[in-house]
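Let me begin by presenting the structure, written as structure tokens, before commenting on it.
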Amino acid sequence: MIRRAEPGDVPAVVDLVYGLAEYEKARHECTLTTEQLHTALFGPNPAVFAHVALVDGTVAGCAIWFLNFSTWDGVHGIYLEDLYVTPAARGTGLGRALLAVLAHEAHSHGYSRVSWSVLTWNTPSIGFYESLGAQVQDDWVGYRLSGPALTALAATTGSRR
């Protein structure tokens with residue numbers, strides 16, 4: 001069963017995020033708290049959304065996403081931040097079901113796309129995504145500004161704000 005996340009799911013979803021961070025060999029970079037995710041999903045102005053996959057009433061997978069906007073298409077799209085299914089539930093169709101729900105969400109709202117990133121070494125996920133018809137965007141290179149570099153650039157705004 002796939003459904004929108006509910007407040008009571010937040011601790012399980014946080015655990016899944018940490019499971020994903022461990023899988024991606026970056027557990028030390030993950031600092032998400034239950035309070036942060038609860039506020040992001042259910043606070044006064046949520047800008048993050050989530051679906052959960054349940055197996056026997058237990059959260060076994062999640063898709064955490066937000067809206068982006070395509071200036072070329074002139075409409076929103078969905079950016080899938082995290083898709084994770086527990087190792088015990090992999091191969092049961094939960095990942096595909098979560099992506100199908102996001103595709104339905106996009107289609108029913110007139111959004112033009114569902115996009116995400118995957119680590120280049122994650123060949124099982126790449127094979128899975130390609131089996132669904134997803135196309136690699138290898139003309140694009142992802143960039144991230146964070147930590148000290150983000151702080152340093154932010155400090156240069158001075159009176160231009």
S125 OG to E130 CD distance, which is reported to the nearest 0.5 Å: 11.0 Å
When rounded to the nearest 0.5 Å, the distance separating NE2 of H76 from OG of S112 is 10.5 Å
Could you go through Q36 and T33, starting from their C-alpha distance and side-chain angles, then the distance that decides it, and tell me whether this counts as side chain to side chain contact (heavy atoms under 4.5 Å, CB included)? CA-CA 5 Å; Q36 287 173 320; T33 67; 3.1 Å; yes
Please answer: with hydrophobic residues joined when any side-chain heavy atoms are less than 4.5 Å apart, are V48 and L20 in the same cluster? yes
Should the ring pair Y111 and H109 be called parallel, tilted or perpendicular, given that the plane angle runs from 0 to 90° and is split at 30 and 60? parallel
Enter the distance from T120:OG1 to I126:CD1 here, rounded to the nearest 0.5 Å. 6.5 Å
Measuring from atom CG of L150 to atom CZ of R144, what distance do you get when rounded to the nearest 0.5 angstrom? 11.5 Å
Out of curiosity, does Y84 fall in the hydrophobic cluster containing L80 (side-chain heavy atoms, cut-off under 4.5 Å, transitive links)? no
Treat each ILVMFWY residue as a node, draw an edge where side-chain heavy atoms are under 4.5 Å apart, and state whether F66 and F42 are in one component. no
Side chain to side chain, S70 and V75, heavy atoms closer than 4.5 Å: no
ILVMFWY network linking V10 to I64, side-chain heavy atoms under 4.5 angstrom: yes
The test is side chain to side chain contact (heavy atoms under 4.5 Å, CB included); show your working for I2 and V52 and say whether it passes. CA-CA 6 Å; I2 308 295; V52 293; over 6 Å; no
Here the gap from W140 atom CH2 to S115 atom OG, rounded to the nearest 0.5 Å, amounts to 11.0 Å
Assess the residue pair H51 and L102 against the criterion (side chain to side chain contact (heavy atoms under 4.5 Å, CB included)); give the C-alpha distance rounded to whole Å, side-chain angles, the decisive distance to 0.1 Å, and a yes or no. CA-CA 9 Å; H51 283 80; L102 292 188; 3.9 Å; yes
Is it true that a side-chain atom of Y18 and a backbone atom of L32 form a donor plus acceptor pair closer than 3.5 Å? yes
Could you check Q135 against Q137 for side chain to side chain contact (heavy atoms under 4.5 Å, CB included), going step by step and ending with a plain yes or no? CA-CA 6 Å; Q135 299 169 343; Q137 301 292 298; 4.2 Å; yes
If you take all heavy atoms of V114 and A106, which pair is closest and at what distance? CG2-CB, 3.9 Å
Y23-V14 co-clustered via ILVMFWY side chain contacts under 4.5 Å: yes
Quick check: closest heavy atoms across L145 and A149, and the distance to 0.1 Å? CD1-CB, 3.7 Å
Nearest heavy-atom contact between L83 and A63 is CD1-CB, 4.1 Å
Which atom names give the shortest non-hydrogen contact between V85 and G95, and what distance separates them? CG2-N, 3.8 Å
Looking at CH2 of W65 and CG of D82, how far apart are the two atoms once the value is rounded to the nearest 0.5 Å? 14.0 Å
Would you indicate whether the side-chain heavy atoms of R4 and E105 approach each other to under 4.5 Å? yes
Can you name the salt bridge (charged side-chain N to carboxylate O under 4.0 Å, His left out) partners of D9, sequence neighbours left out? R3
Between the main-chain N or O of G77 and the side-chain N or O of N68, is there a donor-acceptor pair closer than 3.5 Å? yes
Heavy-atom closest pair, residues R96 and F128: N-CZ, 3.4 Å
Using side-chain heavy atoms (C-beta onward) and a distance below 4.5 Å, is R113 in contact with D73? yes
Results of salt bridge (charged side-chain N to carboxylate O under 4.0 Å, His left out) for R90 - residues two or more places apart only: none
Of all heavy-atom pairs linking W116 and L99, the shortest is CZ3-CD2, 4.4 Å
P46 and L41, any side-chain heavy atoms less than 4.5 Å apart: no
More than 12 heavy atoms of other residues, nucleotides or ligands under 6.0 Å from CH2 of W121: yes or no? yes
